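Inspection log for the structure reproduced underneath, given as structure tokens.
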Amino acid sequence: MLRVETISKNYETSEVRTHALSDVSLAVGEGEFVAIMGPSGCGKSTLLNILGLLDRPDGGRIELLGEDVSRASERELTRLRRAAIGFVFQSFNLVDELTVAQNVELGLLYRGTNARERRERVALALDRVGMPHRARHLPKQLSGGQQQRVAVARAIVSDPRLILADEPTGNLDTANGEAVMDLLQQAVGQGTSVVMVTHSLAQADRADRKIQLLDGRVVSQTQLGA
């Protein structure tokens, strides 16, 4: 599904050069749930941005769905993101002026999906996250847990092959956090691969595999579950 080999990423200012990632290699299988952990500043979010084709590494190779995308054009990367990847962010990233249904529909609009199919997919996605009764509400009318459920609906509405989640429960209480984790595991059960950045050991233990980062390097990988 997804593979990166010896990728590196550096950030430079006039005074200092920071090695965000150094020779990171990992693979994510079809329908696998992977948790990435590590202290603040270790490169977790940088890695997630590269896995999501939002940023380019300075070196190394990226393979998505069997295709080497290391030197793909920005246009091709955008096409791949729209076709294959869903994103769930800690801060929800919902558009305040749009209703719940319109927020979920956005990704389908970018893909050029016709109106009838958009309506059907949005209704199904909201039903899956238990939010059909909130379709006409604005984000500001929802609790934090409800907003994150809408964000998950937006991520799954196009049936992506891969979901990338950056601290998806970080702003939620325990009950809502568990509900979001249940939704991610449901997506995995339907064959979607999920890569999640988290600080929570309890959330990470619900994944199939846990990857530990330190100073921009993979220092351990632990297989979990049966």
Side-chain angles (χ1 to χ4, degrees), residues 1-13 16-29 32-65 67-95 106-107 110-111 148 151-152 154-156 158 160-171 180 184 187 192-200 203-204 207 209-219 221:
M1 145 61 65
L2 175 66
R3 181 184 301 273
V4 297
E5 298 176 353
T6 60
I7 60 171
S8 60
K9 183 67 177 180
N10 302 308
Y11 295 103
E12 295 188 35
T13 68
V16 66
R17 186 183 196 194
T18 302
H19 300 283
L21 295 174
S22 301
D23 294 327
V24 170
S25 297
L26 60 89
V28 180
E32 185 181 18
F33 191 172
V34 175
I36 298 176
M37 301 195 72
S40 296
C42 72
K44 302 186 299 298
S45 292
T46 298
L47 176 58
L48 207 68
N49 285 339
I50 290 174
L51 296 181
L53 311 181
L54 294 170
D55 198 2
R56 292 180 183 268
D58 295 325
R61 184 173 185 271
I62 307 172
E63 185 179 297
L64 178 64
L65 300 174
E67 179 181 353
D68 185 349
V69 298
S70 306
R71 294 175 178 81
S73 67
E74 288 299 326
R75 182 175 182 178
E76 180 64 10
L77 293 179
T78 298
R79 183 192 67 80
L80 286 168
R81 283 196 303 271
R82 291 175 178 174
I85 304 175
F87 296 89
V88 182
F89 303 97
Q90 178 179 358
S91 55
F92 317 139
N93 283 13
L94 301 177
V95 181
L106 276 177
Y110 295 145
R111 295 178 66 187
Q148 192 61 296
V152 172
R154 182 183 55 192
I156 65 176
S158 58
R161 303 287 296 276
L162 172 68
I163 290 176
L164 301 176
D166 193 358
E167 296 283 0
T169 66
N171 286 329
V180 168
L184 293 177
T192 300
S193 303
V194 174
V195 179
M196 174 184 69
V197 163
T198 182
H199 280 100
S200 168
Q203 309 293 19
R209 181 158 48 104
K210 183 165 55 179
I211 296 174
Q212 190 79 24
L213 288 185
L214 182 64
D215 297 332
R217 297 179 181 273
V218 174
V219 294
Q221 297 195 44

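Note: hydrogens, waters and symmetry copies are ignored here, and every other heavy atom, side chains too, is used. Note that the numbering runs from 1 along the sequence shown for the chain. Note that this is a predicted model, so its numbers are computed, not measured.
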Side-chain touch [X]/[Y], heavy atoms, less than 4.5 angstrom:
X	Y	answer
Ile85	Leu80	no
Phe87	Asn93	no
Asn49	Lys9	no
Val180	Val88	no
Pro168	Leu184	yes
Ser40	His199	yes

Spacing of [atom1] belonging to [X] relative to [atom2] belonging to [Y], to within rounding of 0.5 Å:
X	Y	atom1	atom2	result
Ile36	Lys210	CD1	NZ	13.0 Å
Gln148	Arg154	CD	CZ	8.5 Å
Asp55	Leu77	CG	CG	10.5 Å
Leu47	Lys44	CG	NZ	10.5 Å
Leu213	Gln221	CG	CD	9.5 Å
Arg79	Glu74	CZ	CD	13.5 Å

Main-chain N/O of [Y] paired to [X] side chain as donor or acceptor, under 3.5 Å:
X	Y	answer
Ser193	Leu162	no
Ser70	Ile62	yes
Asp166	Val197	no
Thr192	Pro160	yes
Arg161	Met1	no

[X], [atom1] atom: more than 12 neighbouring heavy atoms under 6.0 Å:
X	atom1	answer
Tyr110	OH	no
Asp58	CG	yes
Arg61	CZ	yes

Problem - Met37 versus Ala204, closest heavy-atom pair with distance - result: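 Result for this residue pair: SD-CB, 3.4 Å.
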Practice task
State, to 0.1 Å, how close Thr169 and Gln203 come at their nearest heavy-atom pair, and which atoms those are.
Solution key: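 For Thr169 versus Gln203, the nearest heavy atoms are OG1-NE2, 3.6 Å.
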Exercise for the section: Apply side chain to side chain contact (heavy atoms under 4.5 Å, CB included) to the pair Leu164 and Leu54, showing each step before the final yes or no. Expected result: CA-CA 11 Å; Leu164 301 176; Leu54 294 170; over 6 Å; no
Practice task
State, without any angle test, whether Thr78 and Arg75 hold a side-chain donor-acceptor pair at a distance under 3.5 Å.
Solution key: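 No, no side-chain donor-acceptor pair sits under 3.5 Å.
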Problem - Short N-O contact, Glu76 and Arg71, less than 4.0 angstrom - result: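 Looking at Arg71 together with Glu76, the answer is no, because their closest N to O distance does not fall below 4.0 Å.
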Practice task
Using the side chain to side chain contact (heavy atoms under 4.5 Å, CB included) rule, take Tyr11 and Thr46 through it: C-alpha gap first, then chi angles, then the decisive distance, then the call.
Solution key: CA-CA 11 Å; Tyr11 295 103; Thr46 298; 3.7 Å; yes
